[in-house]
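Data first, discussion second: the structure below is written as structure tokens.
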Amino acid sequence: MMGRVLTAYGVEVTKALRQRFTALGPALVILAVLGALPVHPVARDGVSDYAFVAYVIPVALNSLGLLLLLVYCAGLVSGEVADGSIRQTLVRPILRHEYILAKLLLGMSYAVLLTLTAVITAWGIAYIFGEMRGVSFGGDLVFADNEMLATGALATLAGLAPQFAAVAFAIMVSTFTRNGATATGVTVGLWVLVDLVKYPLGMAPFVFTTYLEMPWQVFSNRCEAVDAYWQPMLYYCLACSGGTFLVCSLVAIVVFHRRNFPA
Amino acid sequence: MIAAVLAIALGALAFDARELPGIEVTGVRPLSGKAITNYSHADLDGDGLTDILLDDAILFQRQGGYPAASRYALPDAGDAARLQAWNGDLYLWSESLLSRYRWHERGWERVVAYALPRPETDPLPAASGATGGRRQAFLHDFDGDGTPEVFSVTPEGVHVFARHGAGYNEAGLLNILPGRRITSDAVPRLWLPEARRLSFPVLKMACRLVMEGDGITVLLREAVDSETVRYGRTRYRWDGEQAVARGTETTQAVASYLHPCRLNDDGMLDLAGGCEKTSETTMLPLPVYETWASLDGGKTFHVRRSASIPGFRPRCAFVDFDGDGQADMITEETGLFEGGAREAMSRLLTLPEVGHTVRVFRQQDGGFARQPALRAVFVIRLESPAAAQGDMFSRYRAGKLVDVSGDFDGDGSRDLVVQDRIDRLSVHLVRDWIFRSTPDAVLSIDRAAQFAVADVNDDGRSDIVLHEEGKMSRVYFSREEGP
């Protein structure tokens, strides 16, 4: 099965590379990072510039980047349903759940692409034009450069978990709908709606969007020499994101299995 | 008057509620954790139990409480008289007479009176309140002979009166106070004609006097510029006639939000305080509260930063949490802005509660531990989302909902009390640095009531005092067992 999934994934990547939107996402993320420079200048002034990284990544990745990710993934299945190419795909020797798994892999790859674009651009600018010498406060070196690097790396990895959940969520919505615009609207609308009601209904700890910026919060706090801890947030983040990913993926597969695609 | 016993006993902790008119606890001193009260403790009836001395009355302790029948007026010596308890006697110093009273059975008996006019420039006692009022100290035993000397602080210096034979005579005027300086820098206006004024320069002198043993310490704050100050400490010894300087030490120029205090017993002048800064790592201009401490007169600093809300001041930043004689650092952090700007906005607009974290950094090895020895997390219900700026949020922002200064079980380790609902106080006992999120006692309170913590009956266990405008103060005395 994995062989067919990987083959399908390869085909999906080839298709994605031909689409303009695929390149638009990273380009917009880079622009967002560069656009933050006038607001938060970077300079070799003896002050470490981790604050720039902490400032710009949540903006580029968890606000704009998430929106791009949701829009991109919401169109992955519904787009092919809308233009009828899904029927052509399904006559090939690939099972429906393998098709959805390949789409999930593609969405996750896009999440990784956006994340790496934001992280590499932000760190690159900070390293080239600024200084990264650890976080000092009150004359003490609170966090050394390698500690901040490790924190940034862990934040990057942990931050992928809720993004993968977002991918599965968008693909699940995509399997419900018949065209990309509807899927995008429903996905983004649900995201906004859930974010509005999750706190009053007391379900915020169980919604993956709560944890989108949490890993970077640790990095951000450490930049400010504010005490910050991975536990128990990281466990909640991984558990909630993993659970959402599994549920949404299963629902997507079940729904996709039961759907007819008449001409 | 005495309310029915309200006992909410979970485990070994219980509280008895009593109404005590006139008692006020307005807060705690942020750098020491000591309660700010409008009363003093003294045992004036010699029964071994601590009584409460107010500006106008004495409350004798009877069977663990202060019933209305044990409240007596003080001897009449005029409103301007100062009063202080000393070795079981009550001293009253009116404008011309120093009187010593002793409680006998059901009344005051004047033991002795000395003709002792107060210096003309001795300021009148401040109005009754938590700042000292009539109870501002005027007795101190400098020479250690068991008989107190009388002192009076005036602009000229410290007058010391010592007992000689049958009376008190002036033994010396200690010229140890700093000189007065002109503080008014108003530029006279020449125009408009009706705005022309002759303004007289305002002279001001401010210092802190600390009397310990045979010594007097003068603590002076000197402004270096608009943002930095320097503190000078001069110690004097009273030799029976005059003050002999023992030495002067001056701190480094430090930020003006740092104040002199005693965080340990190493004899060095300590400095502590806090200030609010703005975060540079988020889209929203979020405040970060910095708690600063120096144990060596401003040469090195220990700083802890915590996410805060605008205008937030922790109720108490330094307290000897574990009873080892050294003050530990307390930081309080809000969870309102956790998870980034988007989550913060959602929470501000829709969530009627806030997560709050208290951390305790132990003082050890000449500094403060890098990692907190205690981390306590609470959820406080605000009644309405923070953006609505409700009453509960206002109290939260003013730092009135969390107190770490009390020791309710008397084990020497401080405990935590949190007003986590508008009508509820939760008491969390801390033992061996272990905090349990389940409260050890819960008190139902009126919605308008505000709480303070103090050991009112001096039994080694802190009590909770509730204030409500227009109502008598109610004290919840902590005790060991349930009813």
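Here is how names work: the chains are called A, B, and so on, in the same order as the sequence lines, proteins then strands, and each is numbered from 1.
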Exercise. Please list, in residue-number order, every residue in residues 352-366 of chain B that has a heavy atom less than 4.5 Å from any heavy atom of chain A; write 'none' if there are none.
Key: R359(B), F361(B)
Quiz item: Taking the side chain from D49(A) and the backbone from F52(A), do they hold a donor-acceptor pair closer than 3.5 Å?
Solution: no
Quiz item: Does the side chain to side chain contact (heavy atoms under 4.5 Å, CB included) test come out yes or no for Y231(B) and H259(B), once each step is laid out?
Solution: CA-CA 8 Å; Y231(B) 293 97; H259(B) 302 280; 3.8 Å; yes
Quiz item: If you measure only the distance, is there a donor-acceptor pair under 3.5 Å linking the side chains of Q163(A) and T115(A)?
Solution: yes
Quiz item: Have T228(B) and D225(B) got a donor and an acceptor in their side chains that come within less than 3.5 Å?
Solution: yes
Exercise. Determine, step by step, whether R347(B) and E338(B) satisfy the side chain to side chain contact (heavy atoms under 4.5 Å, CB included) criterion, reporting the C-alpha distance in whole Å, the side-chain angles of both residues, the deciding distance to 0.1 Å, and the verdict.
Key: CA-CA 9 Å; R347(B) 217 177 275 124; E338(B) 263 181 12; 3.8 Å; yes
Self-check item: Part of P200(A) within contact of chain B (heavy atom distance under 4.5 Å)
Solution: both
Quiz item: Side chain, backbone, both or neither: which part of E213(A) has a non-hydrogen atom closer than 4.5 Å to chain B?
Solution: both
Practice problem: Would you please classify the geometry between the F219(A) ring and the Y50(A) ring as parallel, tilted or perpendicular, with 30° and 60° separating the classes? | Solution: perpendicular
Quiz item: Just wondering, do M132(A) and M148(A) contact through their side chains at under 4.5 Å, heavy atoms?
Solution: no
Exercise. Just give me the residue among K277(B), E333(B), E290(B) that pairs up with chain A most often, heavy atom to heavy atom, under 4.5 Å.
Key: E290(B)
Quiz item: Which one of V226(A), V53(A), V39(A), L196(A) has the most heavy-atom pairs closer than 4.5 Å to chain B?
Solution: V226(A)
Exercise. For side chain to side chain contact (heavy atoms under 4.5 Å, CB included), just list the numbers for L349(B) and Y199(A), CA-CA rounded to whole Å, side-chain angles, deciding distance to a tenth of an Å, and then say yes or no.
Key: CA-CA 9 Å; L349(B) 294 170; Y199(A) 284 112; over 6 Å; no
Quiz item: Can any side-chain N or O of S241(A) pair as donor or acceptor with the backbone N or O of C237(A) at less than 3.5 Å?
Solution: yes
Quiz item: Can you name the residues of residues 371-388 of chain B that have some heavy atom under 4.5 Å away from a heavy atom in chain A?
Solution: Q371(B), P372(B), R375(B)
Quiz item: Counting heavy-atom pairs under 4.5 Å to chain B, which of T210(A), V59(A), T209(A), V218(A) comes out on top?
Solution: T210(A)
Practice problem: May I ask you to test the L66(A)-W191(A) pair for a side-chain heavy-atom distance under 4.5 Å? | Solution: yes
Quiz item: Taking D440(B) for the side chain and L429(B) for the main chain, is one N or O donor matched with an acceptor at less than 3.5 Å?
Solution: yes
Quiz item: Hey, does F164(A) have a side-chain heavy atom less than 4.5 Å from the side chain of F208(A)?
Solution: no
